Amino acid sequence: MDKRVVNGNNMKSIFKHFTEGCESMVSNLIVEQVECFDIGQILESGQVFRFEQINENSYILIAKQKRIKLVQQPGSNNLMIHHTTVGEFDEIWKAYFDLDTDYKGISKTLSDKDAYMKAAIEFGYGVRILKQDPWEMLISFIISQNKAIPHIKQCIANITERYGDEIGYDHDTDKTYYTFPTPEQLLRATEEELRECKVGFRAPYIVDACKKVTSGEVDLNELYILSASEAKEKLMQIKGVGPKVSDCILLFAYSKMDLFPTDVWIKRVIEGMYFEGKEISLKAIQTFAREYYGDLAGYAQQYLFFYGRENNLYK
DNA sequence: TATCAGGGTCGTT
DNA sequence: AACGACCCTGAT
């Protein structure tokens, strides 16, 4: 058994590297001492759509052109990642899972705000904000509008099966998985074909996104260096991308952490917690969040979304 | 069987 | 600024 210990990031994580059986040449990895990290909470917090739960403690995740299996025992600070390597961990997963960010400090600051936030963070202590692919987030959140999460996942799966490249077969789920199609690959899809993927009235929006991204009219790489409001303006040039969808893209792919995507769930939670259940405008919620949570608004949103939706609060 | 809402946005008043 | 329409699906 090949065993290796690597150390050294802000979290002082230790990685053990091992190979298991002879099923494949790709090895597995144990990440030790992960803080504020619960893989189930992270995946179920509504920011990512390409995963499946295998059992209570295991998930398959498709991201970064790869398929990994994640296992974490309840309350454990150890995370096992199957089908990956130490090299891949350093290059890909460390950033993807935002492991260099001090969630202990962030959750402490937010918990001290008020009892509601404290309760939300106690409930979702292991929530993190992933750093995902901009193009995939753009298409995924265009699809998300006026849809339930299981349906969103289904549409995205349909699109990847039809236009992505095969990644491989998974024994646990008995399914074959595909990459998320590139803008060039998805550009080949007609509106009618997209409707066959069940995206409905969003099909022309996806066509428009493909055109504007492949032509360079909207440069997704440029958005990293733009301010949140400038980037938002760019994204909203694409049909079907409004304020909520662009906020999600900028939070979940570009780490613009001061944004506060406001959907029906968050709206209800904020109204219930801070406005005595009275209905207030989206604009008022944005203003409140920006002032109250400051540059931690994005994190607050994620804790509140998970808390509110998992507990069906204020419905 | 019918109605409704779901991580909103667009086009029309 | 307000309002209905919109594909499709699962829950009542």
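The shown structure was predicted, so the numbers you read here are calculated from the model rather than taken from an experiment. In what follows, chains carry the letters A, B, and so on, assigned in the order in which the sequence lines appear, proteins first and then strands, with residues in each chain numbered from 1.
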Sidechain-backbone polar pair: E191(A) side chain, V207(A) backbone, donor-acceptor under 3.5 Å: no
I143(A) backbone acceptor or donor facing R202(A) side chain under 3.5 Å: yes
Secondary-structure stems for DNA chain C, with pairs counted as Watson-Crick or G-U when both distances are under 3.5 Å and runs at least 3 long: B:2-6 with C:8-12, B:8-13 with C:1-6
Contact interval (first through last nucleotide) of DNA chain C with protein chain A, 4.0 Å heavy-atom: dC6(C) to dT9(C)
Residues T190(A) and E192(A): side-chain donor-acceptor under 3.5 angstrom: no
Sugar-phosphate, base or nothing in reach of Q154(A), heavy atoms under 4.0 Å: nothing
Q302(A) (side chain) donor-acceptor with I129(A) (main chain) under 3.5 angstrom: no
Sub-4.5 Å side-chain heavy-atom contact between L304(A) and Y116(A): no
Linked, directly or transitively: V264(A) and F141(A) (ILVMFWY side chains, under 4.5 Å): yes
Sequence neighbours excluded - salt bridge (charged side-chain N to carboxylate O under 4.0 Å, His left out) pairs with any residue from residues 171-182 of chain A: E52(A)-K175(A), K69(A)-D172(A)
Neighbour count >12 (heavy atoms, 6.0 Å) for atom NZ, K108(A): no
Contact pattern, 5' to 3', of nucleotides 8-13 of chain B - B, S or - by protein heavy atom under 4.0 Å: BSS---
Sugar-phosphate only, base, or nothing, as touched by S281(A) at under 4.0 Å among non-hydrogen atoms: nothing
M117(A) and Y292(A), any side-chain heavy atoms less than 4.5 Å apart: no
Neighbour count >12 (heavy atoms, 6.0 Å) for atom NZ, K153(A): yes
Centroid separation Y299(A) to Y103(A) less than 6.0 Å: yes
5'-most by nearest nucleotide on DNA chain C - P150(A) or R195(A): R195(A)
Residue pair Q41(A) / E310(A), side-chain heavy-atom distance below 4.5 Å: no
Positions of residues 293-311 of chain A (non-hydrogen atom under 4.0 Å from DNA chain B), listed by number: Q301(A), F305(A)
Between dC7(C) and dT12(B) - P atom distance, rounded Å: 14 Å
Side-chain atoms of residues 55-63 of chain A: list all donor-acceptor pairs with protein atoms under 3.5 Å, sequence neighbours left out, distances to 0.1 Å.
residue : atom : partner : partner atom : Å
N55(A)  : OD1  : N57(A)  : N            : 2.8
N55(A)  : OD1  : S58(A)  : N            : 3.1
N55(A)  : OD1  : S58(A)  : OG           : 3.1
N57(A)  : ND2  : Q73(A)  : OE1          : 3.2
Y59(A)  : OH   : Q53(A)  : NE2          : 3.3

